Structures are given as structure tokens and as C-alpha cells.
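Throughout, numbering of the chain's residues begins at 1 and tracks the sequence. These figures come from a predicted structure and were not determined experimentally.
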Amino acid sequence: MYLKKNKIKKIVLGMSGGVDSSVCAYLLKKQGYRVIGLFMQNWDSMLNNDILGHKANEDKECNAYKDFNDAKSVGEKLGIEVYKVDFIKKYWDDVFKYLIREYKQGRTPNPDVLCNKYIKFDAFINYAKQKFNCDNIAMGHYADTKIMNGKKYLTLSKDEDKDQTYFLCWLNQNQLNKCTFPLGNLTKIQVRDIAKKVGLNTFNKKESTGICFIGERNFKDFLKNYIKPKSGNIIDIVPTKPIGKHDGIMYYTIGQNKNLNLGGNNTKYYVCKKDVKKNILYVVNEKNKSKYLVSTKCELEEFNWINNAIPENKNILIRFRHRQKLIKGKFEIKNKKIFLFYTPTLSVANGQFGVLYQNNVCLGGGIIKTTN
């Protein structure tokens, strides 16, 4: 999205030290704005007891230090100031506690959605406006916006594969009005090409992966820092017999078919159910997969309508996971509860977000409470 120069003069840009935010800085500077870079430090391994799970030769604090230096290097190249702020406590309170709570309940959380709602588009906005008295903020998400009937709508980006509107489904109108997404009409390939042509040293930097602001970890070992593992039975749901042992129910997700330690069987198994109270992990074989893993209906809780408006047309497109292809469906509201009906879909898990779309607009999303 390109901004009108006569409306916004000073923008605070969230800079991570990656190629996306680097190109955002270049594009905004090229359009004549005063750009201020702000790097967020939201995780501290020592403070947060992040001991187990690090990859070999990995030091997360050094990685954060390197990322900040990359952001500063881009700032020097483009002639913009880059500052640093930490939201470590707020991230722990508003994002990480939720993550651990959900895993303890056997659900599949998405911390990125909360990170956007409470950190990037809340704490960041408040700090930027108080510290720098800016007119607006910008982020390097692959998303776009458009104004219709006096409201700002969140829309799909040009790059369908990289589109991140799924993670922005819990934003509200007030948050959208204060931000812009300079990469909305670009693909990842175009972004890297721009960075290379301009001479930004981040043009070929590897994308960050793993948990938002924490990074790559050996997931099982990482969770052991915060949840005590408890071994239990793995039961084949047909014909309901024990076939192995799991080492902690929180380590597994619905639909998972790897690292189940069920070698020696003649069929592939998939996780289909988790009984937290009895500490039982249920699996289903390939033959019965569709019966126990395919759903066509779910109930959502804590749903957020981005524009505070419920569309009259109930036909929608739905996404249950980032990068999942949009699937056809419809929604119904009964007794203030939201239900989704959709084409048969594999591995829709409690705790994930169901995000609704219509005419390229992201309507909002909620947490999956139950499925059929």
C-alpha cells in the first residue's frame, strides 16, 4: 500500500533486521517520509529460563544482537535512525503464558496472532507515538488495506503464499487505522530483488522461523523448560488397543504422522485425539483416517470482527492454518456462538484459529473450540 505524502510525514517502522522490513524502510524513504526504525526485543533466554531446546552452536541472544546490527546497518545505508525497545515482560504476560496454558490443555495455539494484537500493534504503537510523536507506524507483513465507506479493511496481499492476514485476524479498526503495510502489492521475490538492487545487506538473509520472537528450537526440549513431561499410552482408536507410549501429550498435534515412535507397524498412523485428563494419545491408521480426522463443522470462540460488522452474505472462504489454501464455507451465529460449515478438511484442531474471508477482505477470526 502506498501512502499519500500530504497526510503522513513521520512513520515508525518495525525493523527486525530481515529483508522485508529493510525493503519497507527503503520504499517509505523513497516516498519522501521521515522513517524511524524501531527494533523489538521480546524474548530473553536467561530471564525466561530458556535452557533446553537450543540448536547446536546457537545462542539466541547473539542472534538478536546480530539482527539488531543488521537493522542498524540498513538504517545507515538508507540514512534513517534505528532504535531498540524491549517488551520482554509484556510478551511473557500476554503471549507466552497463553501458549503454555493452551499446550497444557492439549490444544494447538497460535502465538503469532496474540503477538500481533498485543505487541506489534499495541505496545509498539503506543511506544512509537509517545516516544517519537509519529503520524503512523508501518510493518513488513505481507498484507494490504483499503478504504471502503469510511472504514479501513484488511485485505489479502499480492503474494498468496506469503500472505500473513491469517496472523492479523485479531486486530481492530483502531489498530488498522494507525498502520500501513508497504509490501502489500509485492511478492517475496520482488522484495529480495529490490533489496539486492539497492544494495541492502539483508537481501539474501534467511527467513526467521519457529515461535514468534523466540526462533527455532527443538520443540519437545523447549517445552520441557515450562511443562513437566508425563509419559502415557498411545491407543489405536480402531480397535481401541494400546500400541505404544508417548512422552508427553503436549508434544503432539492433531494430524501429526511423524515422530510417533510407532515403528514396526504395517501402516502409517496419525494423531486424531488427545485426552488430557487420562493422558492418552489416540491415533488412527491410514485406512480410517478420513473417519476420524476429517471435519466439516466447528465452533469458534473469542471471535473478532475486524470492522465490527457482520456481513449479510454468509458464504465465505476459510483458513485454519497459515499458507493453507482458502476453503469454501459459510458461517452461522446461534445464541451469540459462531459456527463454521465447510468442505471436508483434514486435521482441524482445537486451539487453532479459524479466519474468515470475503471478496479478498479478512473479516476476522476466532479460536476453534470444538469440531465434528
Side-chain angles (χ1 to χ4, degrees), residues 1 3 8 10-18 20-21 24 28 35-44 47-48 64 67-68 71 82-102 109-145 151-155 157 164-184 208 211-214 301-309 322 353 355 362-367:
M1 174 184 175
L3 306 176
I8 299 174
K10 187 194 297 183
I11 293 180
V12 175
L13 168 67
M15 293 191 70
S16 64
D20 295 331
S21 58
C24 284
L28 293 168
V35 182
I36 298 171
L38 187 58
F39 179 92
M40 285 176 278
Q41 172 94 39
N42 295 332
W43 187 256
D44 185 298
L47 285 176
N48 296 339
D67 288 340
F68 181 48
V82 179
Y83 300 88
K84 184 178 181 181
V85 62
D86 86 64
F87 299 122
I88 294 170
K89 185 179 185 304
K90 186 168 179 60
Y91 182 90
W92 178 272
D93 290 341
D94 292 345
V95 180
F96 197 70
K97 282 183 177 179
Y98 148 84
L99 179 99
I100 297 303
R101 185 170 63 249
E102 288 287 281
N110 194 309
D112 296 71
V113 176
L114 276 78
C115 183
N116 281 320
K117 178 178 176 62
Y118 296 114
I119 308 297
K120 294 180 181 177
F121 295 88
D122 182 53
F124 184 96
I125 289 177
N126 293 335
Y127 182 88
K129 287 191 171 290
Q130 292 172 10
K131 179 75 173 178
F132 303 107
N133 192 30
C134 62
D135 300 286
N136 215 328
I137 70 148
M139 290 288 178
H141 292 72
Y142 285 86
D144 211 343
T145 58
K151 286 188 176 183
K152 197 172 188 179
Y153 288 82
L154 179 66
T155 60
S157 67
Q164 292 172 294
T165 53
Y166 177 87
F167 299 126
L168 302 172
C169 68
W170 260 13
L171 298 189
N172 57 43
Q173 182 75 128
N174 185 47
Q175 290 169 311
L176 274 185
N177 283 334
K178 294 175 181 176
C179 70
T180 187
F181 304 106
L183 305 184
S208 61
I211 303 171
C212 180
F213 284 110
I214 298 175
E301 59 184 352
E302 299 184 55
F303 195 90
N304 171 65
W305 294 101
I306 294 175
N307 293 95
N308 297 318
H322 174 49
F353 278 77
V355 181
C362 179
L363 302 174
I367 300 173

Tell me, do [X] and [Y] make a side-chain contact under 4.5 Å, heavy atoms counted?
{"X": "Val12", "Y": "Phe124", "result": "yes"}
{"X": "Trp170", "Y": "Gln175", "result": "no"}
{"X": "Pro182", "Y": "Leu28", "result": "yes"}
{"X": "Tyr142", "Y": "Phe181", "result": "no"}
{"X": "Met40", "Y": "Val85", "result": "yes"}
{"X": "Phe167", "Y": "Cys115", "result": "no"}
{"X": "Asp122", "Y": "Lys90", "result": "yes"}
{"X": "Phe121", "Y": "Leu168", "result": "yes"}

Gap between atom [atom2] of [Y] and atom [atom1] of [X] - 0.5 Å precision:
{"X": "Leu38", "Y": "Tyr127", "atom1": "CG", "atom2": "OH", "value": "6.5 Å"}
{"X": "Phe353", "Y": "Leu114", "atom1": "CZ", "atom2": "CG", "value": "5.5 Å"}
{"X": "Ser16", "Y": "Asp67", "atom1": "OG", "atom2": "CG", "value": "7.0 Å"}
{"X": "Asp44", "Y": "Lys89", "atom1": "CG", "atom2": "NZ", "value": "14.5 Å"}
{"X": "Gln164", "Y": "Asn116", "atom1": "CD", "atom2": "CG", "value": "8.0 Å"}

Next item on the list: I would like to know whether Asn48 and Phe96 meet side-chain contact (heavy atoms from CB on, under 4.5 Å); could you show each step before the answer?
Entry: CA-CA 10 Å; Asn48 296 339; Phe96 197 70; over 6 Å; no
Check: Just wondering, more than 12 heavy atoms not from Lys131 lying within 6.0 Å of its NZ?
Finding: no
Notebook entry, point to check: Do the two ring centres, one from Tyr83 and one from Phe132, sit under 6.0 Å apart?
Noted result: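 Yes, close enough.
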Nearest heavy atoms of [X] and [Y], plus distance in Å:
{"X": "Asn304", "Y": "Cys169", "result": "ND2-O, 2.8 Å"}
{"X": "Ala71", "Y": "Phe39", "result": "CB-CD1, 4.4 Å"}
{"X": "Glu302", "Y": "Ile367", "result": "OE2-CD1, 4.0 Å"}
{"X": "Ile306", "Y": "Cys362", "result": "CD1-O, 3.4 Å"}
{"X": "Leu13", "Y": "Ser21", "result": "CD2-O, 3.4 Å"}
{"X": "Ile137", "Y": "Ala128", "result": "CG2-CB, 4.0 Å"}

Next item on the list: Would you check, one step at a time, whether the test side-chain hydrogen bond (donor to acceptor under 3.5 Å, both in side chains) holds for Asn110 with His322?
Entry: CA-CA 10 Å; Asn110 194 309; His322 174 49; over 6 Å; no
Notebook entry, point to check: Can you name the residues that form a side-chain contact (heavy atoms from CB on, under 4.5 Å) with Lys151, not counting sequence neighbours?
Noted result: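 Tyr153, Gln173, Asn307, Ala309.
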Determine yes or no for a side-chain-to-main-chain donor-acceptor pair under 3.5 angstrom, with [X] supplying the side chain and [Y] the backbone.
{"X": "Thr145", "Y": "Lys152", "value": "no"}
{"X": "Glu102", "Y": "Leu99", "value": "no"}
{"X": "Asp135", "Y": "Lys10", "value": "yes"}

Note to self: Apply side-chain contact (heavy atoms from CB on, under 4.5 Å) to residues Trp305 and Leu363 and explain how you reach the verdict.
What the structure shows: CA-CA 6 Å; Trp305 294 101; Leu363 302 174; 4.1 Å; yes
Next item on the list: Report the C-alpha distance between Thr165 and Val355 in whole Å, list the side-chain angles of each, state the deciding distance to 0.1 Å, and finish with yes or no for side-chain contact (heavy atoms from CB on, under 4.5 Å).
Entry: CA-CA 9 Å; Thr165 53; Val355 181; over 6 Å; no
Checklist line | Distance-only donor-acceptor check, side chains Tyr166 and Asp112, under 3.5 Å | finding: no
Notebook entry, point to check: Would Ile214 and Tyr91 satisfy side-chain contact (heavy atoms from CB on, under 4.5 Å), going step by step from the backbone distance to the final call?
Noted result: CA-CA 11 Å; Ile214 298 175; Tyr91 182 90; 4.0 Å; yes
